[in-house]
Amino acid sequence: MTAFDRQVRAQIYRLFGDGVTVVDAAATARAGGWVAEDVEASLDRLAEAHLIKLAEGSHRVEMAHPFSGANTGYRSVVGDRSWNANCAWDALAILALMGDGEAFAPGDDGDVVWVVDDGNVSPGGVVHLLIPASRFWDDIGFT
Amino acid sequence: MFDLSKDWYDGRFDEDWDPPTTEEAEATFASHGLTGDFWSLSETDPRFESPRSSADS
């Protein structure tokens, strides 16, 4: 990872952390004071290394785990701030990064909600992972 | 998953964050009781091997 790619990757996370929902080359370049074309090339390298996932045919960040650039139905809320997540694991993971709050996962009878308070999760539950770890990135969207 | 997440995503906002190597990733899983074939990365994609060992300028 080049020094520039490190800066771009960190900027992507800062933007998502700040609640920006559309994190693309333009937004990242603007935030970092960089040339958009340079950021596009960096995003391609980061995606190739599976450090982010880009939306098909674009330079919009679809996944910077645990953050999602899409409205997946999985989300995390801390006070008046909220973020889209990629899955149930990531909805909890965002709270691990951003602080106590609620994680939401779509269920058959409405959202499943976990509350994290002082680092304790309630209620308990089981998260089913269908894909073994070594195959996570075969199709990260499905994973 | 929450406790695993704290370890898995630790430092993710930092510029000097490096993705885990295969061994580091498996060790993190194992520290949370996640072992066996499902969590094995011994035959894995380059995600867990690449950036740190490649040209790092």
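Numbers restart at 1 for each chain; the letters A, B, ... are given by sequence-line order, proteins then strands.
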Taking every non-hydrogen atom, the tightest pair across [X] and [Y]:
X: B:Ser5; Y: A:Trp89; answer: OG-NE1, 2.9 Å
X: A:Ala93; Y: B:Tyr9; answer: CB-CE1, 3.4 Å
X: A:Val116; Y: B:Phe2; answer: CG1-CZ, 3.6 Å

Is there a chain of hydrophobic side chains (I, L, V, M, F, W, Y, each step under 4.5 Å between heavy atoms) that links [X] to [Y]?
X: A:Leu51; Y: A:Ile94; result: yes
X: A:Met63; Y: A:Leu43; result: yes
X: A:Leu95; Y: A:Met98; result: yes
X: A:Tyr74; Y: B:Leu4; result: no
X: A:Val121; Y: A:Phe104; result: no

Sub-4.5 Å side-chain heavy-atom contact between [X] and [Y]:
X: A:Met1; Y: B:Pro19; result: yes
X: B:Phe38; Y: A:Leu129; result: yes
X: A:Arg9; Y: B:Arg12; result: yes
X: B:Asp18; Y: A:Arg6; result: yes

Handout entry: chain B contact via A:Asp90 - side chain, backbone, both or neither, heavy atoms under 4.5 Å
Key =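 Just the side chain, heavy atoms under 4.5 Å.
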Problem - Those residues of residues 75-82 of chain A, ordered by number, that approach chain B below 4.5 Å (heavy atom to heavy atom) - result: none
Exercise for the section: Walk me through it: do B:Leu41 and A:Phe136 pass the test side chain to side chain contact (heavy atoms under 4.5 Å, CB included)? Expected result: CA-CA 10 Å; B:Leu41 299 169; A:Phe136 278 176; over 6 Å; no
Problem - Leading residue by heavy atom contact count with chain B [cutoff under 4.5 Å; candidates A:Ala10, A:Pro132, A:Gly119] - result: A:Pro132
